[in-house]
Amino acid sequence: MNGGALFRALLVGLLVFSAFTAARAQTARAHTTASVSIEEPARARVIANIITDILTQTAVLTVATAPGTVSSISVPGSVGARDGQDGDVTLSATTVLLDGAGGLAPAGLSISIGGTVGQGAGRAGDGPMLIVVQYN
Amino acid sequence: MLNIFKLSLFGAAALYAAPALAQSTNEATTTAQTTIVQPVSIAVNSPLQFGTIVKSGAGSVTLDNTATAVQVTGGLAAVGTASHASFTITGGAGQTVSITGLPADNKMTMTSSDGSIDLTLTPSITTGTVVLAGDAGTTATQDLTIGGTFDVTSDTKIGAYSGDIAVTVNYS
């Protein structure tokens, strides 16, 4: 290899090295994340105050759920309180506590309950009350 | 005698110069050139967030690469804040930038402590390369946004899922 060929070979090698170095220096990288939270539908939590006299008291209920997802809250069917002995009281409740117009569950709502005194009048009783929360 | 010496000297010089006269003169011209460009860079502006999906049944979740609202089908409801992933690529105007790092089929997995979700990414640039638009010698930027879509089945567990998105850029 004469001097000219050697020079050209060195020049080509230098150019290849420079290009390789430059390409490596021009790489940039960025990281981020993809995320999602899968949840069950919010369950309404209902808290009623202590009713000492179901015939005259107004039960104050608090329904807590995710804002903007509720179209209605209702109490279907009858509500009864049984004293566990020989009588019961049938109560009535507001059938629709919240319509879909507002779309928001209130922090607290009240329903009036009352009914006919049965044989268990004067004694404490309890019974289930179904509250249905309808989501959009 | 002196003349003979001069003649001999001339002859020797002529003989010595003869090879030089026999060589032809070769000359070649080339140029040295280079283009100085700033390093290419990429910055994250926002992650790919689907927010909270309330699952009452199976369905699909889609977030477009230009949208900020999640679209759901079936027994799903979307609540909370959502955002598509957003990157800004910065480099020399006129340069071609290759974009790598995303899976070839744009499919990745988000995992939680209790399961996984197969996510299909929808990047705004699908060709793998982009030419930074602008006047030569100036700095140019290019947005890269990424949305995604996935299915929620009856087997999808409740929980927080996440996965890593890596994007690499270089001049090509």
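Note that the coordinates shown come from a computational prediction; the quantities given were computed from them, not determined experimentally. Order of the sequence lines fixes the chain letters, A, B, ..., with proteins taken first and strands second; residue numbering starts at 1 for each chain.
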Provide the closest heavy-atom pair for [X] versus [Y] in the form atom of the first, atom of the second, distance.
X	Y	answer
B:Ser46	A:Thr32	O-OG1, 4.1 Å
A:Arg29	B:Ile42	C-CG2, 3.8 Å
A:Glu39	B:Ile158	C-CD1, 3.7 Å
B:Val44	A:His31	CG2-O, 3.3 Å
A:Ala28	B:Ser41	CB-CA, 3.7 Å
A:Ala34	B:Met108	CB-CE, 4.3 Å

Given heavy-atom pairs under 4.5 angstrom as the criterion, report whether the side chain, backbone, both or neither of [X] touches chain A.
X	value
B:Val70	neither
B:Tyr161	both
B:Ile117	side chain
B:Leu119	side chain
B:Val61	neither

Between [options], who has the most heavy-atom pairs with chain A when the cutoff is under 4.5 Å?
options	value
B:Ser83, B:Ala85, B:Ser98, B:Pro47	B:Pro47
B:Gly91, B:Ser172, B:Ser162	B:Ser162
B:Gly148, B:Ser56, B:Ala160, B:Gly51	B:Gly51

How long is the gap from CG on B:Leu48 to OG on A:Ser35, to the nearest 0.5 Å?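 It is 7.0 Å, given to the nearest 0.5 Å.
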